[in-house]
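Below: one structure, written as structure tokens.
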Amino acid sequence: SRMTRSVNEEIHVRGELQLAAKTFPVELRLRGASTRHAVKKSYRLRFLEETPLSRQVTYLKAEPMDHTMQQEKLSCDLFEAAGLPVSNCRYINLFVNGSYEGVYLDMEPVRSPFKNKAGLKPEGTLIRAQTFQHANQTGTLGNLRGDIGQLEELEEFIERLNRVGRGEFEAFARSETDWPKVRDYLAMQVICHRSEIEADDYLFYRDPSSRKWSLIPRDHNNGNFAVVPYGNRLAE
């Protein structure tokens with residue numbers, strides 16, 4: 001299809017998903033950045049009417065950077081076991097137009113509906129932003145417009161964080177973040193051998209009552225558990 005031939009374009013395709021002998025109308029497009037150029041494509045799937053899942057949108061991830069197909073699923077399971085908010089993740093077998101595409105991961109997107117599942121307050125701020133060095137390149141997830149200026153909230157926090165002196169950092173972290181959650185998040189990143197710098201973006205959540213920030217994991221398929229990715233992952 002044109003969608004898989006023109007991988008850099010945001011082409012939306014209508015179709016049907018068959019699951020457990022029932023058919024659901026869907027809209028899908030390619031998902032990812034560099035991985036769009038892999039032979040095995042990843043997809044963003046939106047249910048147009050009824051959904052068999054707990055969400056209207058889901059990601060079908062091909063995991064071309066991890067031929068073990070274990071890093072993402074195992075990381076999600078470990079974060080969940082530690083009591084931290086993380087996407088639901090499960091293995092599926094995907095057929096497209098009757099042709100078997102292989103094993104995929106059905107991943108829950110971290111968007112507004114995620115807050116309900118993760119026990120976060122619906123009115124809390126949920127934002128995706130690039131690394132601290134690029135505070136002016138932020139973007140939102142979930143509700144794109146709110147009554148409290150979500151982007152400005154995060155930009156102000158990051159700007160203050162960048163001005164904190166080395167000896168003042170601990171006091172700042174304990175006063176401005178939900179430190180126990182941030183601490184556990186960082187510990188799990190170490191256990192999973194995962195550096196968020198590699199993905200160049202973060203997910204932030206701010207509790208509306210305490211006004212404190214915490215972090216939410218995403219994209220666990222780069223470098224987890226010190227598994228070296230195959231060199232041919234893009235030019236297969």
| request: Under the side chain to side chain contact (heavy atoms under 4.5 Å, CB included) rule, what do Ile216 and Leu126 come out as? Steps first, then yes or no, please. | output: CA-CA 9 Å; Ile216 297 174; Leu126 178 61; 3.8 Å; yes
| About how many Å separate CG of Leu120 and CZ of Arg206, when rounded to the nearest 0.5 Å? | 15.0 Å
| field | Shortest non-hydrogen separation from Pro109 to Val57 and the atoms involved | value | CD-O, 3.3 Å
| task | Taking atom CG of Asn97 as the centre, report whether more than 12 heavy atoms of other residues, nucleotides or ligands fall under 6.0 Å from it. | result | no
| query | In terms of heavy-atom contacts, does CZ of Phe172 have more than 12 from other residues, nucleotides or ligands at under 6.0 Å? | reply | yes
| query | Can you list the other members of the hydrophobic cluster that holds Leu48, where links are side-chain heavy atoms under 4.5 angstrom apart? | reply | none
| task | Test the Arg31-Tyr59 pair against the cation-pi criterion, namely NZ or CZ under 6.0 angstrom from the six-membered ring centroid and within 45° of the ring axis. | result | yes
| query | Of all heavy-atom pairs between Gln56 and Glu49, which one has the smallest distance, and what is that distance? | reply | NE2-O, 2.7 Å
| field | Test log, rule side chain to side chain contact (heavy atoms under 4.5 Å, CB included), inputs Ser87 and Val110 | value | CA-CA 7 Å; Ser87 299; Val110 182; 3.5 Å; yes
| query | Considering residues, nucleotides and ligands other than Lys41, do more than 12 of their heavy atoms fall under 6.0 Å from its NZ? | reply | yes
| said: Is there a path of hydrophobic side-chain contacts, each under 4.5 Å between heavy atoms, that joins Leu17 and Met107? | reply: no
| So which heavy atom on Pro217 is nearest to which on Leu203, and how close? | O-CD1, 4.1 Å
| query | At what distance, to the nearest 0.5 angstrom, does OG of Ser75 lie from CD of Gln189? | reply | 8.0 Å
| task | Would you please classify the geometry between the Phe47 ring and the Phe24 ring as parallel, tilted or perpendicular, with 30° and 60° separating the classes? | result | perpendicular
| message | So, taking the atom named CG in Leu60 and the one named CG in Leu30, what distance separates them when rounded to the nearest 0.5 Å? | response | 11.5 Å
| Salt bridge present between Asp207 and Arg211 (N-O < 4.0 angstrom) | no
| Atom CG in Asn162, atom CD1 in Ile158: separation rounded to 0.5 Å? | 7.5 Å
| said: Return the CG to OG1 distance between Leu45 and Thr51, rounded to the nearest 0.5 Å. | reply: 8.5 Å
| Cluster overlap Val39 with Val7, hydrophobic side-chain contacts below 4.5 Å | no
| For residues Gln18 and Thr23, is any side-chain donor paired with an opposing acceptor at under 3.5 Å? | no
| request: In plain terms, say whether Glu108 and Lys117 are close enough for a salt bridge, that is, a side-chain N and a carboxylate O under 4.0 Å apart. | output: yes
| field | Minimum-distance pair of heavy atoms, taken over all atoms of Thr177 and Lys212 | value | O-CD, 3.3 Å
| Yes or no on side chain to side chain contact (heavy atoms under 4.5 Å, CB included) for Met188 and Leu84, after CA distance, side-chain angles and deciding distance? | CA-CA 9 Å; Met188 290 306 302; Leu84 294 168; 3.8 Å; yes
| Do you know which two heavy atoms are closest between Gly32 and Arg36, and how far apart they sit? | O-NE, 2.7 Å
| query | What distance do Thr68 atom OG1 and Glu63 atom CD have between them, rounded to the nearest 0.5 Å? | reply | 8.5 Å
| Distance only, no hydrogens: is a donor on one side chain within 3.5 Å (strictly under) of an acceptor on the other, for Lys121 and Ser209? | yes
| Can a salt bridge be assigned to the pair Arg160 and Glu176 using a cut-off of 4.0 Å between side-chain N and carboxylate O? | yes
| query | Of the non-hydrogen atoms in Ala62 and Ser42, which two are nearest, and what is the gap between them? | reply | N-OG, 2.8 Å
| query | Please walk me through it: do Arg2 and Glu10 pass salt bridge (charged side-chain N to carboxylate O under 4.0 Å, His left out)? | reply | CA-CA 11 Å; Arg2 180 167 168 255; Glu10 290 297 320; over 6 Å; no
| message | For Tyr205 and Trp213, I'd like to know if the aromatic rings sit close, meaning centre-to-centre distance below 6.0 Å. | response | no
| field | Sidechain N-carboxylate O distance under 4.0 Å for Arg55, Asp106 | value | yes
| request: With sequence neighbours left out, write down each residue that passes side chain to side chain contact (heavy atoms under 4.5 Å, CB included) with Glu101, or none if nothing qualifies. | output: Leu94, Val96, Ser99, Tyr104
| Hey, is the main chain of Met69 close enough, under 3.5 Å, to the side chain of Tyr91 for a donor-acceptor pair? | yes
| Do any pairs count as a salt bridge (charged side-chain N to carboxylate O under 4.0 Å, His left out) and have a residue in residues 162-173, sequence neighbours left out, and if so which ones? | Glu170-Arg174
| message | Apply side chain to side chain contact (heavy atoms under 4.5 Å, CB included) to residues Val26 and Tyr43 and explain how you reach the verdict. | response | CA-CA 12 Å; Val26 297; Tyr43 303 96; over 6 Å; no
| field | Leu53 reachable from Phe95 in the ILVMFWY side-chain graph, under 4.5 Å edges | value | no
| task | Examine Leu28 and Leu105 and state if one hydrophobic cluster contains both, with Ile, Leu, Val, Met, Phe, Trp and Tyr joined whenever side-chain heavy atoms are less than 4.5 Å apart. | result | no
| Taking NZ, NE, NH1 and NH2 as the nitrogens, is one of them in Lys115 or Glu123 under 4.0 Å from a carboxylate oxygen of the other? | no
| message | Applying a strict under-4.5 Å side-chain criterion to I, L, V, M, F, W and Y, I'd like to know whether Val86 and Phe204 cluster together. | response | yes
